[in-house]
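All of these numbers come straight from a predicted model, not from anything done at the bench.
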Amino acid sequence: MGLPRFKRPEGTSEPSSNLYVANCGPAVGLTLDTIETVFGAYGQVKGVHLADESGTRVIVSYHDEKSAESALKALNRRACPELGGRSLHIQYSVPSVCQVAVNDSVQVSTEASELDIPGLYLIHDFISAKEEEELLAAVDSGPWQKLAKRKVQHYGYEFHYNTRNVNTNQYLGELPSFLSPILDKMSVFQKLCYTETVLLDQLTVNEYPLGVGLAPHIDTHSAFEGLIFSLSLAGPCIMEFRKYSTGVWPTSADTLSDEEAQHSDKSSKFLRRAIYLPPRSMLLLSGEARYAWHHYIPHHKIDVVNDSRIRRGLRRVSFTIRKVRKGPCECEFPEYCDSQK
């Protein structure tokens with residue numbers, strides 16, 4: 001059981017509706033949604049997927065070979081202004097017979113303390129089943145914005161995926177009343193990691209269908225302050241964390257192999273940890289966990305936790321609650337900080 005992989009092209013490959021695109025992906029600041037928009041100018045895109053664990057290569061799949069051919073001719077080895085001026089390296093690709101393992105050989109913890117990531121906290125059963133039901137009913141009564149593979153709602157301030165930031169001049173109003181019971185419970189975290197009162201003012205609600213995850217990223221330093229809360233509803237998932245010694249994801253062709261990616265403790269380039277997030281749990285990223293570790297949700301339908309196979313629900317809804325930053329970030333992790341580069 002796993003997700004299909006695509007072969008890395010070797011020499012000249014036959015025409016295909018799938019394109020292998022290098023120097024492109026979340027590790028170089030390009031979201032999958034942005035990539036899909038750019039490649040969508042040449043035909044209907046079936047999907048955009050990470051080609052491997054590096055975050056710098058993607059597979060763009062079209063419904064037909066003609067669209068793929070048009071995109072390859074227009075974008076290969078040419079600077080693309082819509083993608084930050086990056087010069088893309090594009091070849092045809094075909095599906096491989098190999099599959100990505102369900103757990104990708106990383107040990108999955110159930111408690112944040114087991115991960116040894118400073119600033120990471122997880123509280124199980126942060127809300128009751130009744131509160132979960134009420135929160136889901138509240139967001140389902142509101143309008144959803146459709147992205148490529150999931151749906152979102154924004155409150156307080158809208159998060160712009162093309163820039164990975166917010167416009168502080170576009171205030172959407174106070175956070176919704178259905179969030180008040182959650183905010184009232186936040187004080188429990190003050191006993192764990194911080195003392196000051198933080199007035200959170202931004203909420204993003206994500207709905208993930210079965211099998212859909214989240215691209216690797218660090219929440220933009222200049223966009224949000226130092227506390228990021230994530231409440232899981234309706235279904236479970238695994239969240240993975242990676243810390244790169246260079247401070248950024250590799251951008252050269254000589255990035256980690258799949259084997260290196262699966263054995264984080266043997267790799268000198270990054271550390272790798274994973275945690276299981278059950279429904280109704282609240283995760284807090286603060287300090288080093290917030291500023292220096294990439295986090296993402298693997299695109300799985302089944303997760304393996306302590307030798308148990310756990311199938312994800314038909315949907316998972318997350319509440320990401322943050323405080324918008326009104327000035328430059330002055331954190332203690334300048335090598336990961338967009339304000340200090």
Side-chain angles (χ1 to χ4, degrees), residues 1-102 104 145-152 161-162 208-217 249 251-253 255-258 261 296-302 312:
M1 299 292 292
L3 296 176
R5 297 295 297 271
F6 288 79
K7 293 180 181 177
R8 181 170 183 168
E10 298 178 0
T12 303
S13 54
E14 295 295 325
S16 164
S17 60
N18 304 302
L19 297 177
Y20 182 98
V21 186
N23 197 27
C24 183
V28 293
L30 302 175
T31 68
L32 300 186
D33 293 328
T34 299
I35 297 167
E36 179 171 353
T37 298
V38 172
F39 279 81
Y42 303 94
Q44 186 177 1
V45 175
K46 184 187 302 184
V48 179
H49 317 279
L50 293 176
D52 52 35
E53 300 285 350
S54 71
T56 63
R57 295 182 283 266
V58 300
I59 298 294
V60 178
S61 297
Y62 286 98
H63 285 277
D64 59 272
E65 291 184 5
K66 186 173 181 59
S67 298
E69 180 183 5
S70 298
L72 187 149
K73 289 181 177 179
L75 300 176
N76 186 35
R77 299 186 181 278
R78 297 181 183 179
C80 181
E82 295 86 356
L83 295 177
R86 306 195 72 83
S87 180
L88 308 181
H89 302 274
I90 307 174
Q91 297 184 58
Y92 291 115
S93 184
V94 294
S96 169
V97 294
C98 68
Q99 300 285 319
V100 180
V102 171
D104 291 338
Q145 174 188 347
K146 291 185 178 181
L147 301 181
K149 295 185 178 180
R150 66 185 195 275
K151 297 188 295 185
V152 299
Y161 294 95
N162 57 337
Y208 302 90
L210 177 64
V212 173
L214 183 66
H217 68 285
W249 282 60
T251 57
S252 69
T255 53
L256 296 177
S257 67
D258 287 344
Y296 82 102
I297 301 173
H299 297 266
H300 293 170
K301 291 185 179 180
I302 298 175
R312 296 188 186 177

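- Ile90 contributes atom CD1, which lies 5.0 Å from atom CG of Leu75 (distance to the nearest 0.5 angstrom).
- Residues Tyr42 and Leu19 fail the side-chain proximity criterion, which asks for heavy atoms closer than 4.5 Å.
- In this view, Ser67 and Tyr62, Asp64 satisfy the side-chain contact (heavy atoms from CB on, under 4.5 Å) rule, not counting sequence neighbours.
- Put simply, CD on Glu36 and NZ on Lys46 are 12.5 Å apart, with the number rounded to the nearest 0.5 Å.
- The two atoms that bring Lys149 and Pro209 nearest to each other are O-CD, 3.3 Å, heavy atoms only.
- The OH atom of Tyr20 lies 14.0 Å from the CG atom of Leu72; values are rounded to the nearest 0.5 Å.
- Separating the CG atom in Leu210 from the NZ atom in Lys301 is a distance of 5.5 Å, to the nearest 0.5 Å.
- In this structure, CZ on Arg57 lies 10.0 Å from CG on Asn23, to the nearest 0.5 angstrom.
- Contact detail for Ala79 and Gly85: the closest heavy-atom pair is CB-O, 3.6 Å.
- Ile35 contributes atom CD1, which lies 10.0 Å from atom SG of Cys80 (distance to the nearest 0.5 angstrom).
- Sorted by first then second residue, the side chain to side chain donor-acceptor pair (under 3.5 Å) pairs that include residues 69-79, not counting sequence neighbours, are Glu69-Lys73, Arg77-His89.
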* To do: Output, in order, the C-alpha distance, side-chain angles, deciding distance and verdict of side chain to side chain contact (heavy atoms under 4.5 Å, CB included) for Tyr161 and Thr37.
  => CA-CA 12 Å; Tyr161 294 95; Thr37 298; over 6 Å; no

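- Asp33 pairs by the side-chain contact (heavy atoms from CB on, under 4.5 Å) definition with Thr31, Leu147, Ala148, Arg150, not counting sequence neighbours.
- Cys24 is not listed as a side-chain neighbour of Arg86, based on a closest heavy-atom distance of 4.5 Å or more.
- Under a 3.5 Å cut-off, the side chain of Ser93 and the backbone N or O of Asn18 do not form any donor-acceptor pair.
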